[in-house]
Enquirer: 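To start, I am sharing the structure in question, which I have written as structure tokens.
For the numbers below, each heavy atom of this structure counts, side chains included, while hydrogens, waters and symmetry mates do not. In what follows, chains carry the letters A, B, and so on, assigned in the order in which the sequence lines appear, proteins first and then strands, with residues in each chain numbered from 1.
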Number of protein chains: 2
Amino acid sequence: MSNRPAINVRSMDLHTIKVACSNCNLRELCMPVGLSGEEMERLDDVVATRRKVKRGEALFHAGEKFESLYAIRTGFFKTCVTTEDGRDQVTGFQMAGEIIGLDGIVNDLHSCDAVALEDAEVCVMPYDRIEDLSREINGLQRHVHRIMSREIVRDQGVMLLLGSMRAEERLAAFLLNLVQRLHARGFSQSELILRMTREEIGSYLGLKLETVSRTFSRFAEDGIVEVKQRYVRILDTDALTRLVNAVQPACH
Amino acid sequence: MSNRPAINVRSMDLHTIKVACSNCNLRELCMPVGLSGEEMERLDDVVATRRKVKRGEALFHAGEKFESLYAIRTGFFKTCVTTEDGRDQVTGFQMAGEIIGLDGIVNDLHSCDAVALEDAEVCVMPYDRIEDLSREINGLQRHVHRIMSREIVRDQGVMLLLGSMRAEERLAAFLLNLVQRLHARGFSQSELILRMTREEIGSYLGLKLETVSRTFSRFAEDGIVEVKQRYVRILDTDALTRLVNAVQPACH
DNA sequence: CGATTCCTTGAGGATTATCAACCAACGTGG
DNA sequence: CCACGTTGGTTGATAATCCTCAAGGAATCG
């Protein structure tokens with residue numbers, strides 16, 4: 001690995017082929033969006049290492065020094081802030097192609113935990129190198145800004161959810177958001193396996209786990225979904241949409 | 001104004017002196033943080049125009065094309081997302097030195113309204129120019145990233161508040177946050193004039209205005225604050241801190 | 001296969017929302 | 001300058017939603 005030829009590496013090293021952004025099937029969702037072939041190869045050099053995270057383990061903890069952003073290759077994460085008295089608030093769920101760690105930039109410290117909800121693998125992107133490269137590649141700069149802005153807009157949506165929606169509306173919004181993101185990754189629009197517990201869903205939605213469970217049951221009674229533990233099949237997307245639409249930001 | 005000499009402008013034009021970041025008393029809080037004198041002058045060229053916004057008017061609306069970030073010079077803003085059925089969720093309150101408009105970057109459209117709660121003036125920073133300049137000035141690049149990251153961390157805090165705090169805790173957190181930010185701007189640590197209505201506070205905190213009002217009254221009964229309409233005097237900061245501390249993110 | 005974790009459901013209680021009335025402050029125009 | 005309309009704030013009574021406590025059962029993991 002250490003003394004491989006400097007050019008045309010990718011065609012000579014099968015392992016490296018797998019690692020490169022240019023060959024990653026997530027490239028349309030992930031960091032390299034909008035980059036040319038040559039630019040993507042430069043990004044490949046930045047995304048040097050990978051890291052596996054076992055289910056239940058943390059990719060990083062609040063308070064740890066911030067050094068890298070992470071692109072999720074496989075697996076599923078939650079981010080959460082833990083309070084001094086032990087409550088903990090899930091601030092988001094992340095899946096393949098999404099970027100975590102942006103919270104660390106302000107203070108050079110992570111401000112939340114990122115925990116794998118299933119065995120996962122992430123691409124490690126040292127932040128210094130991302131900074132350097134995004135000064136040279138306009139498309140990367142734009143994309144980094146967009147990713148951060150997207151996170152801000154997503155957070156606005158969560159505030160709306162937490163601030164002004166009732167339990168049913170929250171769960172409907174949550175389910176629709178999940179399937180929509182899964183669908184963008186080639187999964188079903190109507191079936192999904194929840195990677196998180198009722199308690200984690202509840203924490204994210206500002207509800208207790210019992211309320212989440214009851215709301216699932218009510219949806220099932222009403223024929224809106226079929227629920228068997230972690231398995232969820234959406235039978236009536238429109239019904240969920242109706243619940244949510246009323247409170248969704250007006251599209252101008 | 002149009003045919004002034006190209007060099008040494010600032011020393012020749014009193015109006016321009018007032019406009020420059022380099023002479024702004026907010027420069028330690030605002031966009032130019034950490035820039036050298038020369039770098040700041042280059043930023044001055046970007047921050048070309050100002051805009052006054054009257055109380056009640058919007059700096060921008062959700063759905064409008066995104067073109068600039070705005071630095072608040074004077075005045076006080078709220079940002080809010082309006083839902084299709086007319087509910088609206090206040091997502092934040094912004095004061096002098098803070099930057100608004102970051103939500104617009106993802107889709108080149110603003111995703112929320114920014115409304116002045118008192119007569120205000122902002123510095124208009126065309127986003128294209130900020131992008132260009134931050135490729136050349138490392139300190140500016142870092143700072144832009146930090147501002148966005150700070151917003152993300154702030155949002156995490158709001159989620160924690162909305163997701164797991166009770167009315168008293170929410171209002172305590174809100175008050176402490178406000179005075180702390182005002183104090184950083186040279187105002188009192190214990191006295192403040194609220195720029196927003198009970199309804200706007202309630203929207204931000206996920207409470208109804210009556211609940212906000214009642215909670216203020218309870219704080220007043222308990223001798224924690226003195227409240228007379230928009231005027232608030234904090235009598236017992238520790239009591240507020242105790243209410244909030246338990247649920248604040250653990251500092252590692 | 002046993003132990004643990006996770007999920008469901010019920011009963012009762014707490015917090016916050018809703019509805020309503022009244023009061024205070026502010027600003028405008030006569 | 002005062003009257004009046006409007007907006008904003010307070011407080012009470014009642015209702016709805018969600019939480020808490022509790023117990024039983026299902027699924028999962030080592």
Enquirer: To the nearest 10°, give me the bend of the helix from C:dC1-D:dG30 to C:dG30-D:dC1, comparing the axes of its five terminal pairs at either end.
Expert: 50°
Enquirer: Hey, does the side chain of A:Ser213 come within less than 4.0 Å of C:dT9's phosphate (OP1/OP2), counting only N and O?
Expert: no
Enquirer: More than 12 heavy atoms of other residues, nucleotides or ligands under 6.0 Å from CZ of B:Arg55: is that the case?
Expert: no
Enquirer: Counting only side-chain heavy atoms from C-beta out, which of D:dT10, C:dT8, D:dG9 sits nearest to B:Thr197?
Expert: D:dG9
Enquirer: For B:Glu151, give me all partners under side-chain hydrogen bond (donor to acceptor under 3.5 Å, both in side chains), at least two apart in sequence or on another chain.
Expert: B:Arg154
Enquirer: Just the table, please: protein N/O against nucleotides 16-20 of chain C N/O, every pair under 3.5 Å.
Expert:
residue, atom, partner, partner atom, Å
C:dT16, OP1, B:Ala167, N, 2.7
C:dA17, OP1, B:Lys208, N, 3.4
C:dA17, OP2, B:Lys208, N, 3.3
C:dA17, OP2, B:Thr211, OG1, 2.4
C:dT18, O4, B:Arg214, NH2, 2.9
C:dC19, N4, B:Glu210, OE2, 3.2

Enquirer: Name every residue in residues 228-236 of chain A that has at least one heavy atom under 4.0 Å from any atom of DNA chain C, in order of residue number, or write none if there are no such residues.
Expert: A:Gln229, A:Arg230
Enquirer: Who pairs with A:Ser111 by side-chain hydrogen bond (donor to acceptor under 3.5 Å, both in side chains), at least two apart in sequence or on another chain?
Expert: A:Asp103, B:Gln156
Enquirer: Is it the case that the side chain of A:Ser203 and the backbone of A:Glu199 share a donor-acceptor pair, with hydrogens and angles ignored and the cut-off at 3.5 Å?
Expert: no
Enquirer: Check the interface with nucleotides 1-4 of chain C: list each N/O to N/O pair with the protein under 3.5 Å, or write none.
Expert:
none

Enquirer: Under a 3.5 Å threshold, yes or no: a donor from one side chain and an acceptor from the other, between A:Glu226 and A:Tyr231?
Expert: no
Enquirer: Would you call A:Arg51 and A:Glu67 a salt bridge, using N to O less than 4.0 angstrom?
Expert: no
